[in-house]
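From a predicted model like this one, the values you see are computed outputs, not experimental measurements.
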Amino acid sequence: MNKTDVNHEKNVTEIAGLSAVDLWTRGSLEVAKSDWIAEEVPVALVYNGISHVVMMASPKDLEQFALGFSLSEGIIESPSEIFGIDTVPGCSGIEVQIELSSRRFMGLKERRRSLAGRTGCGVCGVEQLNDIGRPIIPLPFTQTFSLNLLDAALGKMREYQPIGELTGCTHVALWLNEQGEIQDGKEDIGRHVALDKLLGTRARQNWRSGAALVSSRASYEMVQKSAQCGVEILFAVSAATTLAVEVAQRCNLTLVGFSKPGRATVYTHPERLR
């Protein structure tokens, strides 16, 4: 192994969310080789000592995930309503312990109480069909974005996927400023978690101007999370679903699918785009 290989191996082992594994490939079933796979771990979000949800996620950027999830699910309205976040590894997963303000914790307990005893509908963990379409204040029209700036950002997406580069197993969510420059990007094995991590980072940095770009399809959850956090423009690399378009139309979000070099399909509110 030469010096370059040693440095590469060192850099790879410093990436959180990777594990080495022996595997076999078609055409070479007799000899195993070492490769990297993405880690998938249970992450429990615990608010004031009460476990609220367990998500399967990549074990990195979990404080940003906790903040973004809290905002995108309407548990809090501002980062100031969280007094502390601690990440505690366990034998079967990771606990993220979140200290909420008394007012927000009372609201969360009331929300949980209203769902207690109801039969789950099986829709992505939502216990009540009405919760899918929870009210979101319609977004203002303060943002614009030039589609000519999209291609450069698309070309740099993989730079924000170190796990994905090695495993082909992650999604990424990016925040673009008005000039099309990437402010930051977060990756995860789950597209919703990647978006929550980005939304948490955006809230901490107080970024407002710009747009979100995700490597996945645009499901209704992606639209709803974005709108809940005040994101006015959402670009998705793949297609949008009917419910995503319906929610985007209702909450005034500009939704763009099939965002690829030289291509974009605008589903709702094109007036923000140039």
Side-chain angles (χ1 to χ4, degrees), residues 17 38 40 43 45 52-77 79 85 96 98 123-126 132 134 136 139 143 145 150 153-154 156-164 169-177 182-208 210-241 243-245 247-248 251 253-259 267-268:
E40 181 179 24
V43 176
L45 299 185
H52 178 67
V53 68
V54 177
M55 306 287 284
M56 303 307 296
S58 301
K60 66 174 187 174
D61 300 319
L62 295 182
E63 288 193 15
Q64 293 92 325
F65 168 48
L67 175 56
F69 180 90
S70 301
L71 288 164
S72 70
E73 294 296 317
I75 296 170
I76 61 172
E77 292 182 354
I85 300 176
V96 183
I98 304 153
V123 185
C124 299
V126 177
I132 293 176
R134 68 174 182 269
I136 296 175
L139 294 163
Q143 301 299 309
F145 194 87
L150 190 57
L154 287 165
K156 295 179 180 179
M157 289 187 81
R158 297 199 68 82
E159 295 177 17
Y160 294 84
Q161 289 178 274
I163 297 175
C169 194
T170 63
H171 286 290
V172 68
L174 307 176
W175 185 256
L176 315 180
N177 65 18
I182 299 174
Q183 300 292 94
D184 202 355
K186 297 299 177 184
E187 74 170 331
D188 199 89
I189 55 168
R191 64 184 188 274
H192 305 131
V193 180
L195 179 59
D196 277 333
K197 289 178 178 180
L198 177 71
L199 294 172
T201 301
R202 172 179 176 265
R204 280 187 169 177
Q205 298 296 330
N206 199 29
W207 293 325
R208 288 294 174 262
L213 169 61
V214 297
S215 63
S216 63
R217 63 186 172 91
S219 60
Y220 92 90
E221 304 103 316
M222 305 293 277
V223 170
Q224 191 159 280
K225 284 177 176 290
S226 299
Q228 181 74 40
C229 292
V231 175
E232 295 185 30
I233 305 170
L234 176 62
F235 293 101
V237 166
S238 191
T241 66
L243 190 53
V245 174
V247 173
C251 65
L253 182 139
T254 296
L255 179 60
V256 184
F258 296 110
S259 302
Y267 293 101
T268 59

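Comment: Glu187 engages Lys60 in a salt bridge, judged by a side-chain N to carboxylate O separation of less than 4.0 angstrom. Taking a cutoff of 4.0 Å between a charged side-chain nitrogen and a carboxylate oxygen, Lys186 and Asp184 qualify as a salt bridge.
For the atom pair Met55 CE and Phe69 CZ, the distance stands at 6.0 Å (nearest 0.5 Å). Once rounded to the nearest 0.5 Å, the distance linking CG of Leu139 with CD of Glu232 reads 6.0 Å. With rounding to the nearest 0.5 angstrom, the CH2 atom of Trp175 is 8.0 Å from the CG atom of Leu199. Interatomic distance, Leu176 CG to Leu150 CG, rounded to the nearest 0.5 Å: 7.0 Å. Annotation: the span from Leu243 atom CG to Gln224 atom CD amounts to 8.0 Å, rounded to 0.5 Å. Rounded to the nearest 0.5 angstrom, Lys197 NZ and His171 NE2 are separated by 12.5 Å.
Residues Lys156 and Leu174 form no side-chain contact, since every pair of their non-hydrogen atoms from C-beta on lies 4.5 Å or further apart. Here the side chains of Val231 and Arg202 are in contact, with some heavy-atom distance below 4.5 Å. Counting heavy atoms from C-beta outward, Ile76 and Leu67 have side chains that approach closer than 4.5 Å.
What you find for Leu198 and Ala212 is that their closest heavy atoms are CD2-CB, 4.5 Å. The minimum heavy-atom distance linking Ala57 with Val43 is given by the pair CB-CG2, 4.0 Å. Contact detail for Phe145 and Ala211: the closest heavy-atom pair is CD1-CB, 4.3 Å. Here the shortest heavy-atom pairing between Ala218 and Ala236 reads CB-CB, 3.8 Å. Considering all non-hydrogen atoms of both residues, Leu255 and Ala240 come closest at CD2-CB, 3.9 Å. Of all heavy-atom pairs between Thr241 and Ser219, the closest is OG1-CA, 4.0 Å.
Remark: side-chain polar atoms of Ser238 are not paired, donor with acceptor, to backbone N or O of Ser216 under 3.5 angstrom. Between the side chain of Asp188 and the main chain of Ser58, a donor-acceptor pair closer than 3.5 Å is present. Proximity of a side-chain donor or acceptor of Ser215 to a complementary backbone N or O of Val172 within less than 3.5 Å is detected. Under a 3.5 Å cut-off, the side chain of Thr268 and the backbone N or O of Val245 do not form any donor-acceptor pair.
Taking Ala38 as the reference, Ile163, Thr167, Cys169, Ile189 meet the side-chain contact (heavy atoms from CB on, under 4.5 Å) condition, with sequence neighbours excluded. In this structure Ala66 satisfies the side-chain contact (heavy atoms from CB on, under 4.5 Å) test together with Leu45, Ile85, Val96, Ile98, sequence neighbours excluded.
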Passes side chain to side chain contact (heavy atoms under 4.5 Å, CB included), Leu195 versus Ser72? Steps please. CA-CA 9 Å; Leu195 179 59; Ser72 70; over 6 Å; no

Derivation of the side chain to side chain contact (heavy atoms under 4.5 Å, CB included) call for Met157 and Leu213: CA-CA 9 Å; Met157 289 187 81; Leu213 169 61; 4.1 Å; yes

